[in-house]
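What you are looking at is a predicted structure, and each value in this text was computed from that prediction instead of being measured. Throughout, numbering of the chain's residues begins at 1 and tracks the sequence.
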Amino acid sequence: MAKDPVRVLVTGAAGQIGYALVPMIARGVMLGADQPVILHLLDIPPAAEALNGVKMELVDAAFPLLKGVVATTDVVEATTGVNIAVLVGGFPRKEGMERKDVMGKNVSIYKSQASALEKHAAADLKVLVVANPANTNALILKEFAPSIPEKNISCLTRLDHNRALGQISERLNVQVSDVKNVIIWGNHSSTQYPDVNHATIKTSDGEKPVRELVADDAWLNGEFISTVQQRGAAIIKARKLSSALSAASAACDHIRDWVLGTPEGTWVSMGVYSDGSYDVPAGLIYSFPVTAANGEWKIVQGLPIDEFSRKKLDLTAQELSEEKALAYSCLS
Ligand SMILES: NC(=O)c1ccc[n+]([C@@H]2O[C@H](COP(=O)([O-])OP(=O)(O)OC[C@H]3O[C@@H](n4cnc5c(N)ncnc54)[C@H](O)[C@@H]3O)[C@@H](O)[C@H]2O)c1
Ligand SMILES: O=C(O)C[C@H](O)C(=O)O
């Protein structure tokens, strides 16, 4: 029997990530090739005409899985009945700006969208915040939507995770699909800690540690980390626009693994509400290694953390605590 359609909201749908993301969702990349979807697209009035153009193209693409498109500038209409919300709407960082510069503009959007989602979305709503500052926007959303379970609110660090896989694959000239279990800890910002201490590569002799195969700790502890941390800025410098196709693809990976489950023996990185695991302060949205099954994620427990890593986990937690305070000061 055909499945009932899932309603997926994309905010900022007239923007560049939105333009890359909505066809992926309509093709089944996010929820599977047998899952019909109804797309809810929200943007603000100045972008209404462009948003309508996106809707026209979705109709023109004749996606078999796409059962309807609601394109609107009305937050209530956009959020009504949605099962999944991918929140991309906001102001992106431009060349030379730090994420903190976009804080004030964005957290107030997330406060108001929290209320709309709380009132109008489906009871099983899962939220992915993409717009920066992604962790802190997600935290504000959580705090201003107290009836949405905290386990249903997340932010995107899968792009950073995928970037780390990509760097290892390039360095060793191996298939990216043979690299797994890197971790992004902390903030989706330049303080994030891309950690390869538990990462492995599939070889003809079984799985081998990334550290052993790379055999260059100076690179792994230095340039590798800074390349992943600074990749967003490098894309902005090259494109004069922030990453879009890779962000859209990562958003699909994030929701797919959350809803359909992570492969056996594999974890991914998700920004989720901290419960104090790994001595990360509770009450932050922090990126952890997670596995998922039956639509629920779980933080991978018990990984040994060495002294080098500990400092980096703490540094990015510190930044998130400061962002939280700054967000509240912007809202008051
Ligand atoms: N977490 C990540 O990995 C990651 C990666 C790339 C980009 N980003 C962030 O994603 C966001 C979107 O990036 P983009 O390049 O698509 O930007 P963009 O400017 O092209 O698109 C943003 C869209 O949001 C709309 N918008 C603004 N306020 C809104 C509101 N209140 N409600 C609904 N829509 C609203 C704008 O009109 C615009 O169409 C930015 O904040 C960017 O920094 C995050
Ligand atoms: O760095 C940015 O602001 C853009 C985005 O978050 C990215 O990681 O590409």
Side-chain angles (χ1 to χ4, degrees), residues 6-13 15 17-18 21-22 24-25 30-31 35 37-43 70 72 75-90 106-159 161 187-188 247-248 250-261 268-275 283-288 290 292 294-299 320 323-324 327:
V6 168
R7 290 181 183 270
V8 183
L9 166 65
V10 177
T11 71
I17 295 177
L21 178 59
V22 293
M24 292 183 189
I25 301 172
M30 177 179 276
L31 293 168
Q35 178 58 65
V37 291
I38 296 173
L39 279 169
H40 287 222
L41 312 179
L42 176 70
D43 213 295
V70 178
T72 181
V75 182
V76 175
E77 189 184 7
T79 51
T80 297
V82 297
N83 309 99
I84 290 171
V86 185
L87 305 181
V88 184
N106 284 311
V107 288
S108 56
I109 296 175
Y110 283 81
K111 183 181 170 190
S112 68
Q113 293 187 352
S115 312
L117 285 166
E118 193 174 35
K119 284 200 196 95
H120 306 291
D124 67 350
L125 173 71
K126 284 181 162 63
V127 180
L128 166 60
V129 178
V130 175
N132 285 316
N135 301 57
T136 298
N137 286 339
L139 182 66
I140 292 301
L141 190 126
K142 185 228 155 262
E143 303 223 331
F144 288 91
S147 70
I148 302 177
E150 63 205 27
K151 68 176 178 17
N152 291 5
I153 296 174
S154 65
C155 83
L156 189 71
T157 55
R158 182 63 174 267
L159 175 55
H161 182 102
N187 199 1
H188 171 68
C252 289
D253 289 344
H254 175 114
I255 297 286
R256 187 197 59 235
D257 287 344
W258 187 1
V259 172
L260 300 176
V268 294
S269 303
M270 273 173 77
V272 296
Y273 195 64
S274 165
D275 61 355
L284 298 174
I285 299 272
Y286 190 98
S287 180
F288 286 99
V290 303
N294 306 316
E296 305 234 343
W297 54 264
K298 244 185 4 210
I299 296 173
L320 281 169
E323 273 191 19
K324 181 177 179 177

ask   = Which atom names give the shortest non-hydrogen contact between Ala145 and Glu118, and what distance separates them?
value = C-OE2, 3.2 Å

key: Nearest-0.5 Å distance, NE2 of residue His254 to OG1 of residue Thr157   = 7.5 Å

message = Is the shortest side-chain heavy-atom distance between Val268 and Asp253 below 4.5 Å?
response = no

key: Donor-acceptor contact below 3.5 Å, side chain Thr72 vs main chain Leu41   = no

query = Are any of the side-chain heavy atoms of Asn152 and Val127 separated by less than 4.5 Å?
reply = no

inquiry  = Please find the pair of heavy atoms, one from Ile153 and one from Lys142, that lie closest to each other, and give the distance.
reply    = CD1-CA, 3.5 Å

message = Run Val37 and Ile84 through side-chain contact (heavy atoms from CB on, under 4.5 Å) and show every step you take.
response = CA-CA 10 Å; Val37 291; Ile84 290 171; over 6 Å; no

task = Find out whether Val86 and Met30 are in side-chain contact, i.e. whether some heavy atom of one side chain is under 4.5 Å from a heavy atom of the other.
result = yes

query = How far apart are the closest heavy atoms of Ser154 and Met270, and which atoms are they?
reply = CB-CE, 4.0 Å

message = Let me confirm one number: the CG-CD distance from Leu9 to Gln113, rounded to the nearest 0.5 Å.
response = 7.5 Å

Residue pair Arg7 / Gly81: nearest heavy atoms and the distance that separates them = CD-O, 3.4 Å

inquiry  = So which atom in Asn106 and which in Pro133 form the shortest heavy-atom distance, rounded to 0.1 Å?
reply    = CB-CD, 4.1 Å

task = Give a yes or no on whether the backbone of Ile285 and the side-chain of Ser274 come within a donor-acceptor separation of less than 3.5 Å.
result = no

query = Which value, rounded to the nearest 0.5 Å, describes the distance between Cys155 atom SG and Leu87 atom CG?
reply = 11.5 Å

Straight-line distance of Ser108 OG to Phe144 CZ, nearest 0.5 Å = 10.5 Å

key: Under 3.5 Å: donor-acceptor pair, side chain of Trp258, backbone of Ala292   = no

Euclidean distance, Thr11 OG1 relative to Ile17 CD1, rounded to 0.5 Å = 10.0 Å

query = Side chains of Val130 and Leu156: closer than 4.5 Å at any heavy-atom pair?
reply = yes

ask   = Between Asn187 and Glu323, does any side-chain donor sit less than 3.5 Å from a side-chain acceptor?
value = yes

key: Value rounded to 0.5 Å, distance of CG in Asn135 from CD1 in Ile140   = 12.0 Å

message = For Val76, is there any backbone N or O sitting under 3.5 Å from a side-chain donor or acceptor partner on Lys119?
response = no

inquiry  = I'd like to know whether Thr80 forms a side-chain contact (heavy atoms from CB on, under 4.5 Å) with Val70, so could you lay out the CA-CA distance, the side-chain angles of the two residues, the decisive distance to 0.1 Å, and finally the verdict.
reply    = CA-CA 10 Å; Thr80 297; Val70 178; over 6 Å; no

note = Closest non-hydrogen contact found for Ala78 with Val82 is O-CG1, 3.4 Å

